[in-house]
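The block underneath contains the structure these notes are about, expressed in C-alpha cells.
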Amino acid sequence: TGVTSNVTLNATLPINGPSMNIFTATDLASVTLASTSVNTTITAGSLAQTIWGSTFTLAGRAVNLRSLAVKVIGSVPSNSFQNIKLFVSGIQVATASGVDSNGMITFDLTSAPYRIDSSRTLEIRAYVVNGSNRTFAVSMQSVADISVIDTNYNVGISVLGTLPTTNTITISAGSLA
C-alpha cells in the first residue's frame with residue numbers, strides 16, 4: 001500500500017551533504033599463514049607437546065598479535081589438555097585456560113599484544129594428560145580466529161593463505177616406568 005498526501009513538495013534535488021572519503025593504503029602489513037607438521041602420535045602423560053603449528057609470513061611493517069583461537073576436533077576429552085601455551089618462534093606469549101565447551105582454545109592478548117616484526121612460527125603446546133587411544137586434530141576455523149593489527153595504521157588486517165590444521169593426532173597409552 002502507499003501513502004497519499006496533498007502537500008506541495010518544495011525541495012532542491014538531489015540532496016547533497018558533506019563528502020565522505022574512504023581511506024586506502026597501499027602499504028598495510030600482510031600476513032600469510034600455512035600449516036606446519038606436528039607429531040601424529042603423542043603419548044598420554046607427555047609434557048609440552050606441540051598440538052598445532054603454523055608459519056606466520058609477514059610482509060611490510062610489524063604487526064601486533066591480539067588473539068588466536070583454534071578448535072579441537074575429534075574423540076579426545078576436552079580435559080585431556082592442560083597448561084596450554086602459545087609460542088611465537090619458541091617464545092611463550094600467552095596461556096589459555098583450557099578447552100571450552102565448544103572445543104575452542106582461545107588466547108587473548110588484547111591487554112598486552114605481542115609485536116611481531118618478521119616472519120615467525122606459531123605453536124600451541126600442551127600437557128597431554130589423558131585420552132589414551134583417542135584421536136584429535138586442531139584447526140583454525142576462520143580468518144576471524146586470529147586478530148592481527150598493523151602497527152602503523154592501528155587497523156586489523158585479514159590473514160591470507162590456508163587455515164592451519166593438523167593431521168589427525170593419536171594419543172597412545174602412557175606407561176609407568
Side-chain angles (χ1 to χ4, degrees), residues 28-58 62-116 119-151 154-174:
L28 280 174
S30 165
V31 173
T32 304
L33 301 177
S35 297
T36 59
S37 61
V38 299
N39 289 334
T40 56
T41 303
I42 296 174
T43 303
S46 296
L47 307 180
Q49 296 298 298
T50 300
I51 61 169
W52 179 86
S54 174
T55 58
F56 186 98
T57 305
L58 179 64
V63 295
N64 286 325
L65 177 62
R66 293 182 49 149
S67 67
L68 174 71
V70 295
K71 185 170 184 82
V72 179
I73 304 163
S75 63
V76 66
S78 62
N79 66 352
S80 294
F81 306 107
Q82 293 180 357
N83 204 17
I84 305 169
K85 298 178 180 179
L86 174 63
F87 289 82
V88 176
S89 293
I91 298 170
Q92 180 188 333
V93 299
T95 300
S97 60
V99 180
D100 71 15
S101 61
N102 295 314
M104 298 298 292
I105 298 172
T106 304
F107 298 95
D108 182 359
L109 293 90
T110 53
S111 63
Y114 186 76
R115 184 181 176 94
I116 300 175
S119 295
R120 305 287 182 179
T121 57
L122 305 178
E123 287 184 335
I124 297 175
R125 299 180 193 165
Y127 291 8
V128 181
V129 297
N130 63 36
S132 295
N133 302 316
R134 302 288 185 102
T135 60
F136 70 96
V138 180
S139 173
M140 183 181 290
Q141 299 287 291
S142 163
V143 294
D145 288 339
I146 186 168
S147 175
V148 182
I149 307 298
D150 182 287
T151 56
N154 199 32
V155 296
I157 58 172
S158 182
V159 297
L160 307 170
T162 57
L163 297 175
T165 301
T166 64
N167 291 325
T168 299
I169 300 169
T170 302
I171 300 176
S172 64

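Sequential numbering from 1 along the given sequence is applied to the chain's residues.
For Asp108, the side-chain hydrogen bond (donor to acceptor under 3.5 Å, both in side chains) partners are Thr110, not counting sequence neighbours. Partners of Arg66 under the salt bridge (charged side-chain N to carboxylate O under 4.0 Å, His left out) rule, at least two apart in sequence or in another chain, do not exist in this structure. Among residues two or more places apart in sequence or in another chain, the salt bridge (charged side-chain N to carboxylate O under 4.0 Å, His left out) test is passed with Asp145 by none.
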Apply side-chain contact (heavy atoms from CB on, under 4.5 Å) to the pair Leu65 and Phe107, showing each step before the final yes or no.
CA-CA 10 Å; Leu65 177 62; Phe107 298 95; over 6 Å; no

Please walk me through it: do Phe136 and Thr168 pass side-chain contact (heavy atoms from CB on, under 4.5 Å)?
CA-CA 6 Å; Phe136 70 96; Thr168 299; over 6 Å; no

Audit row: Leu68, Tyr114, side-chain contact (heavy atoms from CB on, under 4.5 Å) steps and yes/no
CA-CA 11 Å; Leu68 174 71; Tyr114 186 76; over 6 Å; no

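A distance of 7.5 Å separates CG of Asn39 from OG1 of Thr50, quoted to the nearest 0.5 Å. Taken from CG in Asn130 to CD1 in Ile171, the straight-line distance is 7.0 Å, to the nearest 0.5 Å. Between atom CG of residue Leu86 and atom CD1 of residue Ile91 there is a gap of 11.5 Å, rounded to the nearest 0.5 Å. To the nearest 0.5 Å, the span separating CG on Leu33 from CG on Leu160 amounts to 8.5 Å. With rounding to the nearest 0.5 Å, the separation of CD1 in Ile116 from OG in Ser89 is 8.0 Å. Taking OG1 of Thr151 as the start and CD1 of Ile157 as the end, the distance is 9.0 Å to the nearest 0.5 Å.
In terms of heavy-atom proximity, Ser158 sits nearest to Val143 at OG-CG2, 4.2 Å. Scanning both residues, Leu58 and Ser119, for their nearest heavy atoms gives N-OG, 3.0 Å. The shortest non-hydrogen separation linking Ser132 to Ser172 is OG-O, 4.0 Å. Across Pro77 and Gly131, no two heavy atoms sit closer than the pair CD-CA, 4.1 Å. The two residues Gly53 and Pro164 come nearest to each other via the heavy atoms O-CB, 4.0 Å. In terms of heavy-atom proximity, Lys85 sits nearest to Thr95 at CG-OG1, 4.0 Å.
Judged by distance alone, the side chain of Thr170 and the main-chain N or O of Thr41 form no donor-acceptor pair under 3.5 Å. Under a 3.5 Å cut-off, the side chain of Thr55 and the backbone N or O of Thr57 do not form any donor-acceptor pair. For the pair Thr40 (side chain) and Ile169 (backbone), a donor-acceptor distance under 3.5 Å is absent. The backbone N or O of Asn102 sits less than 3.5 Å from a side-chain atom of Lys71, completing a donor-acceptor pair.
Each of Ile124, Thr165, Ile84, Ile105 was checked for a side chain to side chain contact (heavy atoms under 4.5 Å, CB included) with Trp52, and the lone residue meeting it is Ile124. No option in Ile73, Leu163, Val70 other than Ile73 meets the side chain to side chain contact (heavy atoms under 4.5 Å, CB included) test with Gln141.
Residues Val93 and Phe87 form no side-chain contact, since every pair of their non-hydrogen atoms from C-beta on lies 4.5 Å or further apart. Contact annotation: the side chain of Phe56 approaches that of Ile146 to within less than 4.5 Å [non-hydrogen atoms, C-beta and beyond].
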